[in-house]
Amino acid sequence: MEDDALLGKSVQRGLSDAGHECEWVTDGEEAVRHARFASYDVIVLDLMLPDISGFEVLRQLRGDKNETPVLVLTALGSVDERVNGLNAGADDYLVKPFAFTELAARLEALARRAGKAIKTELHDGPLMLDLRTRRATRDNTNIELTPTEFGLLEFLMQNANHTVTRRMLCEHLWDANWEGVTNVIEVHINRLRAKIDRGFDERLIHTVRGIGYAFRTE
Amino acid sequence: MPSAQSKKAVTRSLRFRLMIWNAAVVVVTACVTLVAIREGVRITLIRELDQLLHEDLREIEIALNEHEDATTLHEQLDRKDAGHAQHKWFAGLLGGDGQVRYQSKHAPPASVWATAGEASARTVGEWRLTAHAVPGEGVVIRVGASLDSVHADVARLDRLVALAVCGVLLIAPLCGYWLAGRATRPLARIIETTAGLRPSQLHERLEIRGTGDELDQLSETFNRLLDRIGNYLQERRDFLANSAHELRTPLAAIRSSIEVALTGGRTNEEYEELLADIIEESASLELLVNQLLLLSETETERLKVDKQQVQFNDLVEKAMDMFGGVAEFREIQLVCQALPSVVVYGNQQHLRQVIYNLLDNALKFTPAGGQVKVQLKADNQEEAVVFAVRDSGPGIPEAELPHVFDRFFQGHRPRTGTAEKRGTGLGLSICQAIIRAHDGTIEVNSTIGKGTCFTVRLPRGRDGDNPPPPSKEHDTKLQLT
């Protein structure tokens, strides 16, 4: 749901190009109607709609017991709106203007998350994460990870084979994005790599230059 | 109706009102003074008359004792009577039996005459009377005079007073108008000068006449205000120019990468490389724009809306974890004492930025093997939260210290020889702006060769009073499930 023609169109085109089926509606009433009669993997919702507020759409959706993941777009990145949005039942949130890759990565993450049951274990290739004991093993060898590294790996593995942006990792680990030149994520990734990839031919964590990282098994 | 309006403007003007007040005060003062003088003169004249009457009483008493012969005495009295005729002087002698022995020709009617009392003179109608009983003889001497002459003198004086009041009435407003004009002339000049001021030409200053009066003070205050506005505008202009300049650097890099790509004939790998370069430069452009936005956000009231009770130690803990990796990578010891639980009322996102910026800064300037020490404590005495970040870097030269919070200021280069990217030079300005918006202070201390310490003091929030909403846990859960 996006009322800005240019932005809506570019998002639609971008998502279609990425192989997703995408419907674009421009007002809140229509959005609620669409959501009632069709099933979506994920909904992108702009908070500033011409007729009813994005929060209202969200409330109506959740009132209908519609649990489709919702990503909220806002113009201002204030804490208030973020908290309001998340409290109203949004699953993620992005401040305009945003990079398209950021939106796409987040939408894919949301869609994947929604499709999966809550797991107690993450298993991918040689790596295994026990989410209850917070222990990681590669080829049954125990790997000592700090809580931060474990959180990082968990997030990467949940989104295996997809790129996650630095911003997403930052928000996941510390609830906040670090805006600065120093790449705080990179060093954590490097330490994590050192622990899980050292001594193995197959590298599991890949850098996607300029965007972020991806966990991939061959 | 312009004439009525201008009339209104005139009567409202300071000059007119000063004139009216001035004239009123002068006229009232003059009237009171003149009336007082007139009354004083009248009383003095009557006293003098009383004095003369007393002397006459004494004279008659002496004559009465000297001359046993009544005729001689009466002759003498008649002579005296004739001599004082213009004052309507008169005298009378009353025998012990109440019989009138002598009476002057001008004597007033008996009803007036009989009221003359002893000891002090009194006024009866147009007359001034006094009396004296000669001891032993039973004779009462009475003398008196008409008050006509006194009244005539007072009337002359009254005419003079009236004339003087008329003069004052005429002169006071004129003088008042002139004086008020003199007094308000500097004001007129202030108005004229200020009316001519434009943002583009603020160099004009009001004239200081050197009298040190209120108008001079006003002019000085106004000039200082102009200085401040001028400085502020200059700062804005510099800021805008610097911003534009800083934005141009990544833009130029993006453009040149695109131009290189457009010349064509390159391998796919080379194109990918160029595109990645463009993304990186876009990221630094984005960072700069975001920081500029943050800076402008901290300067507006918006910041105040988003305030809440923030568990400051949690923010510090997260930041320690976040930058711990960077510190380890650069072989810097990042140490932190046990964090006490402290609450600050403020904007969580912005307070976080302060912690991040200070930590990032400290790590950037500390050489490998160095130490960055983070301290957080509650100052119970001052109800303040003190957050300090101390590095063991090269320190900041004294000449640069006052400028570290200036926008776009970048002092000595961070550790040379590393592929460290250049900062925006806005980090500390942002810290300062945020801390100021939270009614706190940020200080810097530095010793060359030993290191630098940034100390933030923030007013303490209240625990429990308004606990921070469980947003953090909420977010985390959402992203974990």
Side-chain angles (χ1 to χ4, degrees), chain A residues 69 76-84 86-87 89-93 95 97-99 101 109-110 113-114 116-119 131 146-149 151-152 154-155 158 166 168 170-192 207-211, chain B residues 272-273 275-284 286-287 290-291 293-294 297 302-303 305-306 308 314-315 318-319 321-330 347-350 352-353 356-357 359-361 363-364 420-424 427 430 469-476 478-481:
Chain A
L76 290 158
S78 80
V79 180
D80 263 7
E81 280 184 33
R82 178 168 183 204
V83 170
N84 282 346
L86 294 177
N87 283 346
D91 299 82
D92 201 355
Y93 134 106
V95 183
F98 49 83
T101 46
L110 274 181
R113 219 156 67 190
K116 283 177 194 162
I118 297 167
K119 284 181 182 172
L131 298 180
T146 64
T148 308
E149 287 158 359
L152 202 54
E154 180 188 357
F155 195 71
Q158 274 170 347
R166 287 194 200 113
M168 282 161 82
C170 225
E171 278 176 18
H172 171 71
L173 290 172
W174 303 294
D175 308 329
N177 182 38
W178 153 245
E179 300 245 9
V181 170
T182 309
N183 191 343
V184 289
I185 287 290
E186 191 177 17
V187 287
H188 287 281
I189 289 280
N190 286 340
R191 284 203 304 190
L192 185 60
T207 302
V208 183
R209 218 185 136 189
I211 299 169
Chain B
E272 265 174 32
E273 183 73 16
L275 287 173
D277 282 348
I278 291 170
I279 282 194
E280 266 165 29
E281 286 301 337
S282 309
S284 59
E286 194 186 340
L287 166 69
N290 284 345
Q291 290 201 327
L293 276 175
L294 182 59
E297 200 179 326
R302 242 198 85 73
L303 184 62
V305 186
D306 290 337
Q308 52 176 323
D314 282 355
L315 302 188
K318 286 236 170 77
D321 184 40
M322 194 174 198
F323 284 93
V326 180
E328 197 173 296
F329 176 69
R330 294 185 186 161
N347 182 312
Q348 180 163 314
Q349 201 172 316
H350 288 166
R352 228 187 314 233
Q353 278 300 326
Y356 292 171
N357 283 349
L359 275 179
D360 185 44
N361 215 46
L363 289 171
K364 211 187 292 181
E420 194 62 53
K421 263 199 268 180
R422 196 161 163 269
T424 56
I430 288 172
S471 63
K472 288 178 290 179
E473 289 83 356
H474 192 76
D475 292 4
T476 320
L478 270 173
Q479 285 168 337
L480 281 177
T481 47

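To find a chain, count down the sequence lines: A is the first, B the second, and so on, and within it residues start at 1.
For A:Thr148, the side chain to side chain donor-acceptor pair (under 3.5 Å) test picks out B:Asp321, with sequence neighbours left out. B:Glu281 pairs by the salt bridge (charged side-chain N to carboxylate O under 4.0 Å, His left out) definition with nothing, not counting sequence neighbours.
Proximity to chain A (any heavy atom under 4.5 Å) is shown, for B:Glu272, by neither the backbone nor the side chain.
Considering only heavy-atom pairs separated by less than 4.5 Å from chain A, the leading option among B:Leu275, B:Asp277, B:Leu287 is B:Leu287. Of the residues considered (B:Phe329, B:Phe323, B:Tyr356), B:Tyr356 shows the highest number of contacts with chain A, using heavy-atom pairs under 4.5 Å.
Minimum interatomic distance between A:Trp174 and B:Arg352 (heavy atoms only, all atoms of both residues): O-NH1, 3.7 Å.
Of the inter-residue distances, the one linking A:His188 atom NE2 with B:Met322 atom CE reads 8.0 Å to the nearest 0.5 angstrom.
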